[in-house]
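Everything numeric in this text was worked out from a predicted model, so none of it was measured. Protein chains get the first letters and strands the later ones, always in sequence-line order, with residue 1 at the start of each. Computation of the quantities below employed the complete heavy-atom set of this structure, encompassing side-chain atoms and omitting hydrogens, waters and symmetry-equivalent molecules.
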Amino acid sequence: MERESATLETGAIPRSDVGPFDLQATLESGQSYLWDRPDGRMYDSLSAHGGDAWYETVVPPIDGVSDEQVVVRVRQCDDAIEWEATTDPVPLLTHLLRLDDDLDAILDATPDLPLLERAYDRYRGMRLVRDPPFACLISFICSAQMRVARIHEMQRRLAHDYGETVSVDGRQYHAFPTPDQLAAATESALRELKLGYRAPYVQRTAEMVADGEAHPARAADLDYEAARDYLTQFVGVGDKVADCVLLFSLGFLEAVPLDTWIQTAIADHYPDCDRGSYRETSRAIREQFGGAYAGYAQTYVFYYLRAGGAA
DNA sequence: TATCCAAGGTAAGTT
DNA sequence: AACTTACCTTGGATA
């Protein structure tokens with residue numbers, strides 16, 4: 001599977017067009033595992049300044065945004081977001097990195113809580129991402145009981161072994177595998193990629209999507225809690241992973257994935273929100289974090305705590 | 001050097 | 001419906 005593409009075009013998005021933005025925080029905060037740093041320092045040092053590092057990925061066609069596969073590289077400079085891509089990626093980057101969000105308005109709309117204030121101050125400019133749904137679903141199935149650097153490594157291996165190889169300007173890029181490509185994998189082969197007990201989950205979920213039995217994108221048409229229930233039909237997907245897909249791919253900004261870090265934050269800062277069940281605790285913390293944009297608050301708090309910001 | 005532990009949880013079995 | 005337990009693998013902590 002190899003395809004020859006055109007060469008890379010180049011361009012830039014002026015900073016003044018997008019408002020507050022932090023590319024490193026956006027792409028290394030554990031929301032997306034689908035980008036790479038060609039300098040090999042992805043997740044190397046949580047707090048080290050990413051400076052003007054390049055990030056790159058291969059994006060599948062996305063309905064209403066781009067009708068073809070795009071190889072895109074991006075980096076943040078002082079006065080612009082520079083890009084290199086196989087076709088003009090500005091609408092695509094706007095979609096993937098939520099450059100169309102009015103971040104100041106969103107942060108202003110969240111409640112005045114000390115923990116949120118500190119997280120927002122530390123990483124102001126971080127955006128939520130809009131990952132392609134299938135890749136996002138697989139990424140977070142892999143995330144169970146795993147460290148972020150290893151989740152990222154798994155996705156790299158999946159792309160390398162099962163995705164299309166694209167050559168651009170003499171360099172090779174690996175697209176994330178399609179449902180068909182991943183459904184054809186065997187459990188033992190996926191275990192060799194160090195997926196562990198997640199291997200059969202990934203294969204069977206890919207098969208469900210490939211067969212047309214269900215598709216993560218279909219959850220976008222449902223109300224929030226119904227959408228979460230819909231996603232849990234996939235193998236290896238419980239409430240937490242479902243919330244991640246809703247938040248990081250399908251635009252449900254109210255979703256608050258209850259991971260270990262947020263559960264710690266609830267225990268330490270918002271004990272009244274612990275209602276026993278996922279469903280009720282989720283409702284409580286969602287309300288505590290301001291409702292419609294609670295997912296933004298969750299993601300800032302997650303990154304802040306995981307990066308040791310509380311220390 | 002050996003052992004233990006936890007990492008962005010979920011499925012399957014029990015009560 | 002709530003509660004247990006097993007599950008792959010590995011880097012870093014502890015003895």
* Structure fact -> Whole-Å distance, A/Tyr43 OH to C/dG12 P, equals 17 Å
* To do: Using atom CZ of A/Phe302 as one end and atom C1' of B/dA7 as the other, report the distance to the nearest whole Å.
  => 10 Å
* **Given DNA chain B, 5'-ward residue of the pair A/Thr232 and A/Met146, judged by closest heavy atom** => A/Met146
* Asked: Can you find an N or O donor on one side and an acceptor on the other, under 3.5 Å apart, linking the side chain of A/Arg150 with the base of C/dT9?
  -> yes
* With heavy atoms under 4.0 Å as the rule, sort A/Ser139 into base, sugar-phosphate or nothing. => nothing
* Inspect the surroundings of CD in A/Glu9 and state if more than 12 heavy atoms from other residues, nucleotides or ligands are less than 6.0 Å away. => yes
* Which of parallel (below 30°), tilted (30 to 60°) and perpendicular (above 60°) describes A/Tyr123 and A/Tyr303? -> tilted
* Asked: Distance between the P atoms of B/dT10 and C/dT10, in whole angstroms?
  -> 22 Å
* Whole angstrom value for the distance that separates P of B/dA6 from CD1 of A/Ile151 -> 18 Å
* Row check, A/Trp261 ring normal vs A/Arg306 NZ/CZ: under 6.0 Å, within 45° -> no
* Asked: Which whole-number value in Å describes the distance from A/Ile138 CD1 to B/dG8 C1'?
  -> 17 Å
* Asked: Starting at the 5' end of DNA chain B and moving along, which residue's nearest nucleotide shows up first, A/Gln31 or A/Val235?
  -> A/Gln31
* Map every base of DNA chain C to its dot-bracket character, where paired means a Watson-Crick or G-U wobble contact with both distances under 3.5 Å and | marks a partner outside the strand. => |||||||.|||||||
* To do: Decide yes or no, distance alone: a donor-acceptor N/O pair under 3.5 angstrom between the base of B/dG8 and the side-chain of A/Tyr33.
  => yes
* Is the gap between the ring centers of A/Phe289 and A/Tyr296 under 6.0 Å? -> no
* Atom OH of A/Tyr197 and atom C1' of C/dA6: how far apart are they, to the nearest Å? -> 10 Å
* Asked: What is the distance, rounded to the nearest whole Å, between atom CD of A/Glu187 and atom C1' of C/dC8?
  -> 11 Å
* To do: Establish, with yes or no, whether the OP1 or OP2 oxygen of C/dC8 is under 4.0 angstrom from a side-chain nitrogen or oxygen of A/Lys194.
  => no
* Rounded C1' spacing from B/dA6 to C/dA6 in Å -> 16 Å
* Asked: For the pair made of CD in A/Glu153 and P in B/dG8, what is the distance, rounded to whole Å?
  -> 15 Å
* **Short N-O contact, A/Arg204 and A/Glu207, less than 4.0 angstrom** => no
* Does the ring pair (Phe, Tyr, Trp, His ring centres under 6.0 Å) test come out yes or no for A/Tyr304 and A/Tyr120, once each step is laid out? -> CA-CA 9 Å; A/Tyr304 178 72; A/Tyr120 284 150; over 10 Å; no
* Give one of base, sugar-phosphate or nothing for A/Gly238, where a contact means two heavy atoms less than 4.0 Å apart. => sugar-phosphate
* To do: Answer yes or no: does atom CG of A/Asp108 have more than 12 heavy-atom neighbours from other residues, nucleotides or ligands under 6.0 Å?
  => yes
* C/dC7 and B/dC5: how far apart are their C1' atoms, nearest whole angstrom? -> 15 Å
* **Pairing of A/Asp243 and A/Arg228 as salt bridge, 4.0 angstrom limit** => yes
* To do: Quick one: label A/Glu192 by what it contacts on the DNA or RNA (base, sugar-phosphate, nothing), any heavy atom closer than 4.0 Å.
  => nothing
* To do: Please indicate yes or no: is the ring centre of A/Trp261 less than 5.5 Å from the centre of the six-membered base ring of B/dG8, with the two planes inclined by under 30 degrees?
  => no
* Any N or O donor-acceptor pair linking the side chain of A/Arg198 to the base of C/dC8 at under 3.5 Å? -> yes
* Asked: OP1, OP2 of C/dC8 versus side-chain N and O of A/Arg191: anything below 4.0 Å?
  -> yes
* Using atom CG of A/Asp239 as one end and atom C1' of B/dG8 as the other, report the distance to the nearest whole Å. => 14 Å
